[in-house]
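Below you'll find the structure, written out as structure tokens, and then a few comments.
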2 protein chains.
Amino acid sequence: MLVGMTSRNPDRPPRSRGGDAAELAAFAGLIADETRAACLLALLDGRAWTAGELARHAGVAPSTTSEHLGKLVAGGLLTEERQGRHRYVRLAGLRVAQLVEDLASHTRPLTPAQRPRTLRAATAHAAMARGRTCYDHLAGRLGIAVTDALTHHGLLRQDTGFALTDAGLAWFATAGIALDRTGRRPLARSCLDWTERRPHLAGVAGAALCRHAMTTGWCVRIGSERAVKVTPSGERAFADLLGIEPTSLR
Amino acid sequence: MLVGMTSRNPDRPPRSRGGDAAELAAFAGLIADETRAACLLALLDGRAWTAGELARHAGVAPSTTSEHLGKLVAGGLLTEERQGRHRYVRLAGLRVAQLVEDLASHTRPLTPAQRPRTLRAATAHAAMARGRTCYDHLAGRLGIAVTDALTHHGLLRQDTGFALTDAGLAWFATAGIALDRTGRRPLARSCLDWTERRPHLAGVAGAALCRHAMTTGWCVRIGSERAVKVTPSGERAFADLLGIEPTSLR
DNA sequence: CCGACGCTTCGGCGCCCGCCGAAACGTTCG
DNA sequence: CGAACGTTTCGGCGGGCGCCGAAGCGTCGG
């Protein structure tokens, strides 16, 4: 599947590749289409979208989207869930979200001539750079500010790797943020921020912090995208708990 | 550059994508070709290859390879160095190597029917699974064994993230392995092993350990690929310093 | 100085695949 | 029960692009 044999000179000796080149190319090919890439980026908000929503978002016909989603599901990037006449689809997991963000962080920064032209696109871009979710944790300047504050207070060590300290574990406990340490997922891991080009907190701790921030109303989503903004109560909480200047979040 | 506008229904409203979908797709497209993927996988050994070597390795005409390398260099995945009539090319950096390994770790395991058919391919695959370099650090069962041993002796913590402990820093110092902590590169970071599907040690510490192992003769490369094997002196060293059973490395 | 060699450029070929609209299917709702 | 809706399947079309060989260019070596 997905492996197209091209016409190749039969006199030439066979490829000596490790055998994985075709697999790697086929997998990357799943992302190497503008429409599929648009779907994956939209799904980075961690929610489930219907096929129709993605079709409108990407600006292609529903039939086209259907084919794309079929490939992404078959390739293991998405999981689907049928409900009545709807086909809900979401990223297959953390690793996929991490991979897509990773790839996005490798794209070259936009040249001035390519920058968002319309006012609407420019404000949307600014909102994403200010704060957003990266699948299940906080990113953008908001995510960086939280990560830096944790590090500055000795709750997170970045000098010998990337790990919570004992004080960090205690901080999460006293803040009432439960950390599920049963699974195989690392407690803390760094995730390269796509707009800031610096690492921010991911892993169990990053996800728990984000979930807590959303449920307690520290942050709310704006629009239908991944962008989030900090509420007044959130500004107070971040200032009290981590000493983050409210002005640095605006 | 690299962005092809396809014929799209003009009556349809414009795409609302964040504007990055085209960039992401174009970037992934650099890897989504079997020949380019074969080049990238070969270059994962961290060395510089000539265009001709890559052409023979991939089994395509030199002219074809030339075009592929041009795209990879333009896309920032490779850097080139001209020497006389040779064009040397290597991975552009750590992040690229990490990304390629990451992508490879997402490809589905081969089904029995697709497994290496020839004896030569099977032994090469077995050697890679036993031990190899992942750009500049150790991977495969060898890399896992080292990482597990470090963790078991309290030199590396994986329970609250992924970081060296103070005892770990001391261990590197007494072993005579210098760690350059001046750069921005993290001292320790996890890298998902593509064959073992478990994390192994990367970052400054992983690279220093690998370099030390190669220069002191603990490990030697076998063949022209990335595979490495542990020498008798290496077995003694790994057993003495980390308590690794020699039999687990064979 | 001339031939061998490595690499690049160019034209041309052919396949792959993303796109659409039409038609069909199953679900939901009036 | 019939209409509306979300989704899928199917042909067919067209562009992109990977492939090659031939020709050209610069470098190295006898």
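No hydrogens, no waters, no symmetry mates; every other heavy atom, side chains included, goes into these values. In what follows, chains carry the letters A, B, and so on, assigned in the order in which the sequence lines appear, proteins first and then strands, with residues in each chain numbered from 1. Please read these numbers as outputs of a predicted model, since none were measured by experiment.
Following rounding to the nearest Å, B/Trp49 (CH2) and C/dC7 (C1') show an atom-to-atom distance of 18 Å. What separates CG of B/Leu54 from P of D/dG18 is a distance of 16 Å, to the nearest Å. Taking atom CG of residue B/Leu72 and atom P of nucleotide D/dG18, one finds them 10 Å apart after rounding to whole Å. Taking atom CD of B/Glu80 as the reference point, atom P of C/dG6 lies 18 Å away to the nearest angstrom. The interatomic distance linking A/Tyr88 (OH) with D/dT7 (C1') rounds to 13 Å, in whole Å. As rounded to whole Å, 18 Å separates atom P of C/dC17 from atom CD of A/Glu34. The nearest whole Å value for the distance from the CD atom in A/Glu81 to the C1' atom in C/dT27 is 17 Å. At whole-Å resolution of the value, CD in A/Gln83 and P in C/dG26 are 19 Å apart.
At least one side-chain nitrogen or oxygen of B/Lys71 sits closer than 4.0 Å to the OP1 or OP2 atom of D/dG18. At the phosphate of C/dC7, neither OP1 nor OP2 sits under 4.0 Å from any side-chain N or O atom of B/Arg82. Look at B/Thr64 and you won't find any side-chain N or O under 4.0 angstrom from OP1 or OP2 of D/dC19.
Between A/Arg85 and B/Leu69, the residue anchored closer to the 5' end of DNA chain C is B/Leu69, taking for each the nucleotide with the nearest heavy atom. In this structure, A/Gly29 and B/His86 both approach DNA chain C, and ranking their closest nucleotides by distance from the 5' end singles out B/His86.
Each of C/dC19, C/dT8, D/dC17 was ranked by its minimum atom distance to the side chain of B/Ala51; first place goes to C/dT8. Of all nucleotides listed (D/dC20, C/dG18, C/dT8), C/dT8 comes nearest to the side chain of B/Ser66. Of the candidates C/dC17, C/dA22, D/dC20, C/dA22 carries the atom nearest the A/Ser63 side chain, counting heavy atoms from C-beta on.
Between the base of C/dG18 and the side chain of A/Thr35 there is no donor-acceptor pair shorter than 3.5 Å. Donor-acceptor pairing under 3.5 Å, judged by distance alone, is absent between the side chain of B/Arg87 and the base of C/dC7. Side-chain atoms of A/Glu67 and base atoms of D/dC10 include a donor and an acceptor less than 3.5 Å apart.
A salt bridge links A/Asp193 to A/Arg132: at least one charged side-chain nitrogen sits closer than 4.0 Å to a carboxylate oxygen. A salt bridge links B/Arg185 to B/Asp136: at least one charged side-chain nitrogen sits closer than 4.0 Å to a carboxylate oxygen.
Between A/Phe27 and B/His106, the ring planes are parallel. Angles under 30° get that label, and only those over 60° would be called perpendicular.
The two residues A/Leu192 and A/Pro199 have their closest heavy-atom pair at CD1-N, 4.1 Å.
The closest side-chain donor-acceptor pair between A/Arg95 and B/Ser105 falls under 3.5 angstrom.
Using a 4.0 Å heavy-atom cutoff across all strands shown, A/Thr50 reaches sugar-phosphate atoms only and no base atom.
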